[in-house]
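What follows is a set of notes on a single structure, which appears directly below.
Note that the structure is predicted; figures quoted are calculated from it, not measured. We name chains A, B, ... by the order of the sequence lines, and we start the count at 1 in each one. The analysis underlying the following values was restricted to heavy atoms, covering all of them including side chains, and did not include hydrogens, waters or symmetry mates.
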Protein chains: 2
Amino acid sequence: MASDDPRPLTLRDVSEASGVSEMTVSRVLRNRGDVSHATRERVLEAAKTLGYVPNKIAGALASQRVNLVAVIIPSLRNMVFPEVMAGISGVLEDTELQPVVGVTDYMPEKEERVLYEMLSWRPSGVIVAGLEHTEASIAMLKASGIPVVEIMDTDGKPIDCAVGISHRRAGREMARAILKQGYQRIGFMGTKMPLDHRARKRFEGFTEALAKEGVEIVTQEFYSGGSALAKGREMTRTMLEREPELDFLYYSNDMIAAGGLMELLDQGIDIPGQIGIAGFNGVELLDGLPRQVATMDACRTEIGTKAAQVIAARVENPDAEIERIMELTPRISYGDTLKRR
Amino acid sequence: MASDDPRPLTLRDVSEASGVSEMTVSRVLRNRGDVSHATRERVLEAAKTLGYVPNKIAGALASQRVNLVAVIIPSLRNMVFPEVMAGISGVLEDTELQPVVGVTDYMPEKEERVLYEMLSWRPSGVIVAGLEHTEASIAMLKASGIPVVEIMDTDGKPIDCAVGISHRRAGREMARAILKQGYQRIGFMGTKMPLDHRARKRFEGFTEALAKEGVEIVTQEFYSGGSALAKGREMTRTMLEREPELDFLYYSNDMIAAGGLMELLDQGIDIPGQIGIAGFNGVELLDGLPRQVATMDACRTEIGTKAAQVIAARVENPDAEIERIMELTPRISYGDTLKRR
DNA sequence: TTGAAAGCGCTAACAG
DNA sequence: CTGTTAGCGCTTTCAA
């Protein structure tokens, strides 16, 4: 609370205070059409002293334009998504568009609800993580008639268009890199994946590429919830007790890989001589660790940037041709934990 | 893109498809007022098959109610804020209200812009980080006539009400705890603080409490940007080269403290015997480190929860009495790096 | 360069 | 229980 006047200011108030028609006030406030310098100043003055804040609800209804872009992601706690957001915001800041975030917690039904909620504000575009959605979600997106960019993943069929990396390929490439260094007895650790399709696809690609060389994962371990660092530690300990012969540990994300690194160092294990490790994501956060953990860049910021550019371009020119799948190329960073000397 | 029909569906379409008046359709879709079971079913059926998504823009304009809560925070990359968000979302999910996030990047002018932008959607309430705002921002918030909760900090005068902790007191308490363990030659590391008022207040409280015991910080170091872990490491190294006699390092956040820990361990320094360390925030993330770093809980989730509850309560009952300042109590966690045995 | 009229799609308020 | 009427605050369109 604050002001005693319960009624927010309207264009009419500014109109009356400045002695200029509502229409002209509207023009001034939106920088549209020609308005004489004098009138312009008078309006601006009045708006400022009154403290007028335009009502976008009314504006949007009248103009049938809403400069919002719905961005729907699984979580904000996973460092990946704030970085994607940063990419998106960076681009949209130079346009009229504004991102609005919705979080799904990796739950398809929640995604559906959030989507419904956001679409009911009639945004100019949608950026949504992943290619897997409920039927209803897909139907809504199709019916919305606005540009839809599915991000992060390109292994599948986009509703409209997609910007991301192939996680299957990422898994395969990591597998090849590991084998190439001569590692053979490989363990895998990751999240419980029923709903994290990208982690699942990486895993599939990984095992597939191993299989091609006649190698099978020796053992695996999954977690959910808790501190990723601590979980990485625990799982690593458990796994090594069970399978002391392991010579490589592949982690589905960098945080658990960091935990694993801690555990291995504690145990005095030679990295990468006795055991090599690798994670996924390329999070900058890990830079200060005792070893630079091998990882693979997920192109997070770039995905955000590209997705936002696509939306902005389509809003500008709805009839432009569209590229259905934009696949970026993640790079392996070998760090100090994958290269056997 | 998707559908060929450029015109989104309206209530009228559902009305026609179901043979029920727009008004009744509206009632069904909002679960308001009594509608016979039969009509209800017919409407729902029609809405579903058509794939109707209500237009909240129009709804909000007509009803003069917007179930949005603007949440304005400095950054999403600082783990603290996603956790606050989680607290907020948790509470708002049980209400009609929905959080909408705006990010300021710690810049007052950007905060002003974001605020203006968000207020123009006429939200039902505002949750904004910090007590320091531009004059214009304060004026806007006061004039908005909606509940405003300033979060994270209670050292100052809230516009409407505040939920947070006293960072000054937090700094003081950490100083006392450190002195009590017999540490005397203390170094400080943190972000460059011109715009991070909470870090600044902690620092002030810290030095103040030291001063009261006749102790002064031996040396200090500030950083900005980059990987916090790596920066913590670097600064620690630099600082120890400069002042080898230090016996305690106080870091303004847990990530740089973790980096410092890495460096100290690397150097084979006895923690907490030779040098003790402490950070701030209580981020769960650190659980798997080789030592549990001493820290102080910033009550992040709780702040989010409480702030959302306040907004929800005020939206329910605008005339309820308000508690201006809700100060939570952070607890020191000693971990393994502050207790001298 | 300015103004007047007519809605945007929905809901409050009131009748029936 | 259902329908009718009259806007919400702004912008589009057209006229002056």
Tell me whether the side-chain N/O atoms of A:R30 come closer than 4.0 Å to OP1 or OP2 in D:dT12.
yes
Are A:E93 and B:K110 close enough for a salt bridge, meaning some N to O gap below 4.0 Å?
yes
How far does CG of B:L76 sit from CE of A:M79, to the nearest 0.5 angstrom?
10.5 Å
Candidates A:V100, A:V126, A:L92, A:L97 - the one meeting side chain to side chain contact (heavy atoms under 4.5 Å, CB included) with A:L68
A:V100
Let me know the distance between CZ of A:R12 and P of D:dG7, rounded to the nearest Å.
12 Å
For B:L61, side-chain contact (heavy atoms from CB on, under 4.5 Å) partners two or more places apart:
A:I57, A:A58, A:L61
Under 4.0 Å, heavy atom to any atom of DNA chain C: which of residues 56-66 of chain A qualify?
A:L61, A:A62, A:Q64
Look for any protein N or O under 3.5 Å of an N or O in nucleotides 1-4 of chain C and output each such pair with its distance, or none.
from, atom 1, to, atom 2, distance (Å)
C:dT1, OP2, A:D34, OD2, 3.1
C:dT2, OP1, A:S36, OG, 3.0
C:dT2, OP1, A:T39, OG1, 2.4
C:dT2, OP2, A:S36, N, 2.8
C:dG3, OP2, A:S21, N, 3.1
C:dG3, OP2, A:S21, OG, 2.9
C:dG3, OP2, A:T24, OG1, 3.0
C:dG3, N7, A:R27, NH1, 3.3
C:dG3, O6, A:R27, NH2, 2.4

For the side chain of B:R198 and the backbone of B:D153, is there at least one donor-acceptor N/O pair under 3.5 Å apart?
no
So, OP1 or OP2 of C:dT11: does either fall under 4.0 Å of a side-chain N or O from B:S26?
yes
Give a yes or no on whether a salt bridge exists between A:E16 and A:R12, defined as a side-chain N under 4.0 angstrom from a carboxylate O.
yes
Counting only side-chain N and O atoms of A:Y52, is one of them less than 4.0 Å from OP1 or OP2 of D:dC10?
yes
With B:R314 as partner, the option from B:D160, B:V149, B:I146, B:D319 fulfilling side chain to side chain contact (heavy atoms under 4.5 Å, CB included) is B:D160
